Amino acid sequence: MTSHAPLIIRRAQILLPSGEFMLGDVQIQDGVIVQVNSEISPVTESPVTEIDANGLTLLPGVIDPQVHFREPGLEHKEDLFTASCACARGGVTSFLEMPNTRPLTTTQAALDDKLQRAAQKCLVNYGFFIGATAELLPDLLQATPVAGIKIFMGSMHGPLLVDQDEVLEKIFAQGTRLIAVHAEDQARIAQRRQQFAGITDPAIHSTIQDNQAALNATRLALQLAQKYRRRLHILHMSTAEEAELLRQHKPAWVTAEVTPQHLLLNTNAYETIGTLAQMNPPLRSPHDNEVLWQALLDGVIDFIATDHAPHTLEEKAQTYPNTPSGMPGVETSLALMLTQAKAGRCTVAQVAHWMSTAVAQAYRIPNKGVIAPGYDADLVLVDLNTYHPVRREDLVTKCKWSPFEGWNLTGWAVYTLVGGKVAYDRGTLHTDVRGQALRFESD
Ligand code: DOR
């Protein structure tokens, strides 16, 4: 690797691995943190780049473990370049992307194509899931590098839907790599879709794909994970019932995540933002919000993902049920959660744990998620002193909308560093910066 000039971040409130903060400096060399100290003496080497972080807080860059970036095949909604720009603006330095692109990411060839595109276009680091199908393609176990196997147990049409028990059983029985499930009971959803056919109020979405549908699938996935002692991750957990199930018994090899939407929005959002509030699994009740928060605080839920799933405003302007499900999220997730921390709901250190450290641990991504010598310099400097609203005109996601428009947030990224390079700085994207493919230990 060629040697680059050192970079020193000075006078930041640095989040230490202990969860405490220290006012000090961080020195970066060749993309890696080499020193964290209360004061680093001036480096004699020249040139040296310095960032004055006075008044800013330094956190490990966000690792968003569930996004849908639409490339290849659905680039009218988003592409890897625009999505990674949105990541950089949001303080997200790595992402794990889902296989429901076109073609579906179910083979090594499709995975290689995504990796190649990402290497050319992404400002931040990238990793991909391989999608399970009923065909049980050999690449499901062999393709590499992958974050894990994604199973859509429900809410999906086409070959990525895996809703037959015997196929699920086979997938859990084969191999050892992590299985991440979108847990909704497709048979129940199909039956309820018929029952409520003809209703065009998008609020019916949460009734059709109800709490029971989520609970049924999560229970089944947990049973299979128990039976085969298989690493299981429950994606975007949305209901009080699932949280209580996990609270009663959660094997050490099972993890779960929640989205900011399921913590902060509920079915009241249909009244204000209509179909923009439509996602899968759907928004739930204020009671579900509360139980999910408590489960997160208690460690029953391990970390946070956005499920960034952009659709165009034109697509969202159709009439339910013709509207697609999904909301963008990478640009607002960190500020949303830090605003909650500032309001006393949790601590800043917990937010960094849920949005970076715990994700790196669960997916076995080496050298990320911690600010300490030897770790990659994927970092975000945030401003916890000022508030700015989410405004459509500021968004860089291609879809150009957010369910949180108008929310006044603090903790916005001021600088985002990817591998020691500044990818975003005070409103400017450095579009020449490129991330790297993530590695997964023992994938
Ligand atoms: O609402 C959603 N939209 N949930 C998903 O799991 C998929 C996503 C999409 O790709 O649009």
Side-chain angles (χ1 to χ4, degrees), residues 64-80 83 86 95-106 114 128-129 131-132 147-163 179-186 189 193 202-206 208-210 213-214 217-218 221 233-239 242 256-262 265-267 269-270 273-284 304-316 318 320-330 333 397-399 401-403:
D64 190 332
Q66 193 197 170
V67 299
H68 303 265
F69 282 173
R70 309 303 191 203
E71 182 173 350
L74 300 164
E75 291 94 338
H76 67 285
K77 298 174 194 273
E78 189 80 281
D79 61 56
L80 287 166
F95 64 80
L96 305 182
E97 208 259 356
M98 288 297 163
N100 57 330
T101 36
R102 307 286 182 273
L104 307 173
T105 320
T106 55
K114 267 193 180 174
F128 299 100
F129 284 85
I149 294 172
K150 166 71 182 274
I151 305 181
F152 283 93
M153 296 171 75
S155 273
M156 179 57 56
H157 302 286
L160 282 187
L161 176 67
V162 179
D163 61 347
I179 294 175
V181 290
H182 179 131
E184 287 191 272
D185 174 348
Q186 187 67 17
I189 293 172
R193 207 168 267 154
I204 201 68
H205 189 62
S206 295
I208 296 173
Q209 299 188 201
D210 65 351
T218 292
H233 177 64
I234 301 160
L235 298 158
H236 44 37
M237 233 176 55
S238 62
T239 69
E242 292 166 283
E257 73 185 27
V258 64
T259 68
Q261 302 89 291
H262 290 112
L265 300 176
N266 51 57
T267 48
Y270 293 114
I273 59 171
T275 57
L276 299 186
Q278 182 191 330
M279 72 174 291
N280 295 333
L283 297 179
R284 310 295 186 188
I304 288 174
T306 65
D307 192 20
H308 180 94
H311 299 284
T312 66
L313 282 166
E314 292 71 32
E315 289 164 337
K316 282 287 199 181
Q318 297 169 87
Y320 187 85
N322 300 323
T323 38
S325 294
M327 313 175 185
V330 291
S333 55
T397 169
K398 197 185 273 187
C399 75
W401 61 272
S402 162

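First listed ligand is number 1; within each ligand, the first listed atom is number 1. What you are looking at is a predicted structure, and each value in this text was computed from that prediction instead of being measured.
Although no hydrogens or angles enter the test, the distance criterion places a donor-acceptor pair under 3.5 Å between the side chain of His205 and the main chain of Met279. Looking at Trp401, its side chain does come within 3.5 Å of a backbone N or O of His311 through a donor-acceptor pair. Looking only at distances, a side-chain donor or acceptor of Lys316 sits under 3.5 Å from a matching main-chain atom of Pro324.
Distance check: His233 NE2 to Gln66 CD gives 7.5 Å after rounding to the nearest 0.5 Å.
The aromatic rings of His308 and Phe69 sit perpendicular to each other, their planes meeting at more than 60°, with 30° as the lower class boundary.
Closest to atom 4 (N) of ligand 1, if we only count protein heavy atoms, is Asn280 O, 2.8 Å. Protein heavy atom in closest approach to atom 3 (N) of ligand 1: Ser325 O, 2.9 Å. Summary of contacts: the protein heavy atom closest to atom 8 (C) of ligand 1 is Ala309 CB, 3.6 Å.
Note on ligand 1: His311 sits in its first shell, one or more heavy atoms being nearer than 4.0 Å.
Proximity of His68 to ligand 1, defined as any heavy-atom pair under 4.0 Å, is confined to the side chain (atoms from C-beta onward). Neither the backbone nor the side chain of Leu235 has a heavy atom within less than 4.0 Å of ligand 1.
Residue Gln278 places no N or O, backbone or side chain, under 3.5 Å from any N or O of ligand 1.
Side-chain atoms of Arg284 and Ser238 form a donor-acceptor pair, as typed in the model, at a separation below 3.5 Å. Judged purely by distance below 3.5 Å, without hydrogens or angles, the side chains of Asn100 and His68 pair a donor atom with an acceptor atom. The closest side-chain donor-acceptor pair between Gln278 and Thr275, if any, does not fall under 3.5 angstrom.
Short contacts between ligand 1 and Met279, defined as distances under 4.0 Å to a heavy atom of the residue, involve ligand atoms 1 (O). The Asn100 neighbourhood of ligand 1 comprises atoms 9 (C), 10 (O), with distances under 4.0 Å to a heavy atom of that residue. Taking every non-hydrogen atom of Gly326 and a distance limit under 4.0 Å, the qualifying atoms of ligand 1 come out as 1 (O), 2 (C), 3 (N).
For the residues His236, Arg70, Glu184, the heavy atom positioned nearest atom 11 (O) of ligand 1 is part of Arg70.
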